[in-house]
Chemist: 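Pasting a structure below so you can have a look.
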Protein chains: 4
Amino acid sequence: MPKVTVEHRTARHDQIVSAARRCAIEQGFHKTTMADVIRESGLSAGAVYGYFKSKDELVSAIADQALSSVDELFEGILASDQPLTPLAALRATLEHVVEIAEQPGGDVTRVALQAWAEAMHNDAIAGIAREKYSLLRHKFAEVARRAQADGTVDADVDPEYIAQVMFALIPGFLLQRLLLGDVTPKTFATGLTALLK
Amino acid sequence: MPKVTVEHRTARHDQIVSAARRCAIEQGFHKTTMADVIRESGLSAGAVYGYFKSKDELVSAIADQALSSVDELFEGILASDQPLTPLAALRATLEHVVEIAEQPGGDVTRVALQAWAEAMHNDAIAGIAREKYSLLRHKFAEVARRAQADGTVDADVDPEYIAQVMFALIPGFLLQRLLLGDVTPKTFATGLTALLK
Amino acid sequence: MPKVTVEHRTARHDQIVSAARRCAIEQGFHKTTMADVIRESGLSAGAVYGYFKSKDELVSAIADQALSSVDELFEGILASDQPLTPLAALRATLEHVVEIAEQPGGDVTRVALQAWAEAMHNDAIAGIAREKYSLLRHKFAEVARRAQADGTVDADVDPEYIAQVMFALIPGFLLQRLLLGDVTPKTFATGLTALLK
Amino acid sequence: MPKVTVEHRTARHDQIVSAARRCAIEQGFHKTTMADVIRESGLSAGAVYGYFKSKDELVSAIADQALSSVDELFEGILASDQPLTPLAALRATLEHVVEIAEQPGGDVTRVALQAWAEAMHNDAIAGIAREKYSLLRHKFAEVARRAQADGTVDADVDPEYIAQVMFALIPGFLLQRLLLGDVTPKTFATGLTALLK
DNA sequence: CATGAATGAGACTTCATTCAT
DNA sequence: AATGAATGAAGTCTCATTCAT
């Protein structure tokens with residue numbers, strides 16, 4: 001009974017989060033009502049509130065997910081021993097971002113923007129964002145360190161500073177992609193190559 | 001009578017926008033109620049609605065302002081004839097951003113984040129954002145073109161692609177500044193220099 | 001303008017309290033919904049909430065009123081110089097209670113019972129009840145003191161103790177009147193006379 | 001099987017009533033949710049509903065219990081042949097009340113107040129209250145009759161009227177005890193003695 | 001014109017009760 | 001018989017907007 005229940009709970013949980021995410025992608029956190037989520041999830045109000053104590057909690061869950069999605073990539077990339085230049089790391093990241101964005105079910109990166117805005121006056125989300133993005137930036141710092149070891153990048157500079165710049169390109173790319181719609185990993189990498197050279 | 005009225009109207013208008021901006025900086029667009037704006041502006045409900053037909057219209061006005069603020073800088077920079085490297089342009093922009101952010105009355109860049117999120121499902125704001133950011137990016141493209149003319153940057157690459165990257169650094173810097181709080185124009189420029197070299 | 005407004009506000013306030021009291025008399029605090037009060041008052045939800053921040057606050061207002069109603073009587077009674085025996089004071093009080101109870105608009109004493117119950121786990125109402133009933137009991141103590149001065153009642157006994165007993169008869173009378181419906185000031189005074197003699 | 005089951009059922013029944021009573025003492029009938037009772041009883045929702053068809057039915061059961069608790073005393077008192085003055089009967093009753101109130105598990109007299117309020121618009125509880133309190137008052141009438149037989153009290157007065165007054169003192173005492181907290185059987189009896197003399 | 005009290009649709013959330021397992 | 005997840009009606013409260021004064 002416990003195993004069935006746990007799986008069941010997880011399934012329901014995901015059912016709700018997915019529904020809520022779909023809503024948030026289309027309408028943003030604030031225009032999304034609990035009634036929307038309830039309808040979209042196919043459950044009842046009581047059921048949804050059995051899994052999330054409040055709209056805030058549900059929003060945090062979606063935000064968490066959206067802010068985490070870029071991160072996963074690095075596990076694979078950094079593990080390998082092959083040389084990883086900053087340019088290559090960035091290009092891989094951008095391609096990963098686009099892959100995520102184009103997954104069926106809607107562009108989750110739109111939710112990331114919502115989360116950034118929300119973090120300005122929602123401590124829970126601000127905390128999540130800080131945590132996730134610190135982690136991500138540390139991974140860029142690791143890439144920077146490798147480049148410094150290779151002699152490709154000036155070893156005197158704090159790798160965290162280099163990571164700041166590398167990291168910055170991700171939201172910058174995302175924003176242009178969503179707002180202006182004319183950037184692709186390819187155009188971006190091309191521009192980047194020209195500048196770095 | 002008309003002239004006095006026009007000045008009066010402008011003053012009132014600004015009074016409302018300032019009040020609304022102060023609210024949006026602290027609480028975001030959605031937590032800010034018209035009652036908040038009315039109280040903060042010191043006017044009456046009727047008065048506020050005399051200047052803005054709806055909350056949406058008021059929000060658009062604040063968003064517009066927040067999205068424009070970075071732009072102004074370039075008027076001055078590009079006008080001069082002295083050589084302007086991408087690095088120098090970026091550094092100047094970042095410093096300008098921080099200057100704006102630290103102005104008394106609250107950090108307007110927080111409102112820019114709100115505007116990005118809002119643009120995802122608000123056509124008016126999406127339009128404003130596209131317009132303002134296209135303009136800004138064109139200016140970065142102009143800088144890129146100058147660098148290509150100087151031979152500093154590969155002339156074969158579409159300057160718009162280079163502008164995409166340069167532009168990306170601004171929201172990327174902003175986001176880290178607001179979320180993580182540990183980037184400054186100096187650290188950022190240092191990292192950037194290391195990468196570009 | 002201020003005077004009109006104040007009167008207006010008071011009128012609206014009373015309109016709401018009256019409506020809420022009518023509901024509470026019939027259905028009690030808890031079965032009474034804000035929708036009931038809103039309908040009964042003839043106002044809108046927003047209007048009602050403009051006068052009372054919450055249902056709790058409205059309930060406290062009604063409770064306050066119900067707990068105060070017995071008190072008024074004493075102003076007149078104690079002012080006069082004529083001798084006032086405990087028996088006479090009680091009889092007058094009971095008659096006053098019945099008069100209040102039979103006023104058109106419903107029996108307010110039913111609300112007093114609600115308030116007693118509510119005071120058990122509502123600090124605001126507990127506070128009001130303590131305040132009002134302390135006051136009332138002090139007035140009975142004053143009556144006791146006069147009787148002691150007259151030599152009618154043993155002067156050695158703390159008049160507050162005597163007041164406790166006198167006071168007790170009021171809720172005891174009220175409860176029987178509402179629950180059993182067979183007590184009147186006359187039967188009660190008759191029984192009281194027999195005991196006191 | 002039947003006998004075991006009956007005992008089992010009774011035990012379960014009491015388990016539920018005790019849990020519900022504990023909740024009602026602390027929070028009152030209305031703030032107490034079935035979920036509270038279910039949690040406090042340690043049973044499941046289904047189990048509780050196996051014993052009580054509805055919350056109303058459960059509330060009635062608790063109210064019944066609370067309204068009965070004073071009554072028990074008289075069985076013993078009246079049975080004896082020793083003279084029983086009204087004062088002595090009252091004093092014994094008050095002491096019994098306090099004893100009940102101070103029993104571990106919470107002050108049940110708080111629930112009696114709830115029941116009075118509830119009786120105003122709940123026919124089931126009103127019926128119970130009428131029944132229990134009529135019974136109790138009849139016992140006071142019996143005491144009055146004995147006093148009249150002794151010549152202590154005017155025999156011309158309807159003993160029911162005397163009972164009304166005696167009975168009234170119980171809720172009056174209870175209310176002051178719960179609300180003001182400064183009455184004890186001793187202070188009360190002292191005041192009563194002073195008045196009766 | 002300005003005011004700000006009033007409107008009322010609609011948001012979030014709770015909770016008594018049921019019923020598939 | 002027992003469980004407890006699920007139901008969904010109904011409750012409280014907010015807030016953008018209007019309009020009589």
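Being a predicted model, the structure only gives us computed values, none of them experimental. Each chain gets a letter, A, B and so on, in the order its sequence line appears, and its residues count up from 1.
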Chemist: Among residues two or more places apart or on two chains, list those pairs meeting side chain to side chain donor-acceptor pair (under 3.5 Å) that have a residue in residues 31-44 of chain B.
Modeler: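 Every side chain to side chain donor-acceptor pair (under 3.5 Å) pair that includes a residue of residues 31-44 of chain B, provided the two are not neighbours, is R22(B)-E40(B), Q27(B)-D36(B), T33(B)-D36(B), D36(B)-R39(B).
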Chemist: Give me the atom names and distance for the closest heavy-atom approach of E26(B) to R110(B).
Modeler: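 Heavy atoms only, the tightest pair is O-NH2, 4.1 Å.
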Chemist: Taking only N and O in the side chain of R12(D), is any of them less than 4.0 Å away from OP1 or OP2 of dA2(F)?
Modeler: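 False: R12(D) side-chain N/O out of range (4.0 Å or more) of dA2(F) OP1/OP2.
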Chemist: Hey, does the side chain of T109(B) reach the backbone of A112(B) with a donor-acceptor pair shorter than 3.5 angstrom?
Modeler: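 Not confirmed, T109(B) side chain does not pair with A112(B) backbone.
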Chemist: Of all the nucleotides listed (dA6(F), dA2(E), dG8(E)), which has the minimum atom distance to the side chain of S44(A)?
Modeler: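 The answer is dA6(F).
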Chemist: Which pair of non-hydrogen atoms, one from A66(D) and one from V111(D), has the smallest distance, and what is that distance?
Modeler: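 Reported closest heavy-atom pair: CB-CG1, 3.6 Å.
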Chemist: Does Q114(C) reach the main-chain N or O of A117(D) with its side chain, forming a donor-acceptor pair under 3.5 Å?
Modeler: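 Here the side-chain-to-backbone pair exists.
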Chemist: In whole angstrom, give the distance that lies between atom CZ of R39(D) and atom C1' of dT3(F).
Modeler: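 After rounding, the gap between these two atoms is 17 Å.
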Chemist: To the nearest Å, give me how far apart CD (Q15(A)) and C1' (dA6(F)) are.
Modeler: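 Nearest whole value for this atom pair: 12 Å.
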Chemist: Under the side-chain contact (heavy atoms from CB on, under 4.5 Å) test, which residues partner D64(A), sequence neighbours left out?
Modeler: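 Checked D64(A) against side-chain contact (heavy atoms from CB on, under 4.5 Å); matches are S68(A), I128(A), K132(A).
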Chemist: Residues in side chain to side chain donor-acceptor pair (under 3.5 Å) with R130(D), at least two apart?
Modeler: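 For R130(D) there are no side chain to side chain donor-acceptor pair (under 3.5 Å) partners, ignoring immediate neighbours.
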Chemist: Under 4.0 Å, counting only non-hydrogen atoms across every strand here, what does Y51(A) touch: a base, just sugar-phosphate, or nothing?
Modeler: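 Sugar-phosphate contact only - Y51(A) comes under 4.0 Å of backbone atoms but never of a base.
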Chemist: Nearest-Å distance, NE2 (H8(B)) to C1' (dC1(E))?
Modeler: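 One finds 11 Å between C1' of dC1(E) and NE2 of H8(B), rounded.
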Chemist: Taking only Watson-Crick and G-U wobble pairs with both distances under 3.5 Å, what dot-bracket line describes DNA chain F, where [ ] shows pairs that cross earlier ones and | shows pairs with another strand?
Modeler: .||||||||||||||||||||
Chemist: Quick one: which residue pairs count as a ring-ring contact (aromatic ring centres under 6.0 Å, His included) with a foot in residues 23-53 of chain C, not counting sequence neighbours?
Modeler: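 Checked against ring-ring contact (aromatic ring centres under 6.0 Å, His included) - neighbours excluded - the pairs reaching residues 23-53 of chain C are H13(C)-F52(C), H30(C)-H30(D).
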Chemist: Measure CZ/F52(C) against C1'/dA6(E) and give the value in whole Å, please.
Modeler: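 About 16 Å, once rounded to whole Å.
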Chemist: Please report, rounded to the nearest Å, how far the C1' atom of dT7(F) is from the CD1 atom of I16(A).
Modeler: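 That distance rounds to 13 Å.
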Chemist: Might you point out which heavy atoms bring V37(C) and L58(C) nearest each other, and give the distance in Å?
Modeler: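 Distance-wise, the nearest heavy atoms are CG1-CD2, 3.9 Å.
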Chemist: Quick one: what's the B/S/- string for nucleotides 12-19 of chain E, heavy-atom cutoff under 4.0 Å, read 5' to 3'?
Modeler: SBBBSBB-
Chemist: Between dA16(F) atom C1' and F29(B) atom CZ, what is the distance in whole Å?
Modeler: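 Computing the F29(B):CZ to dA16(F):C1' distance gives 17 Å.
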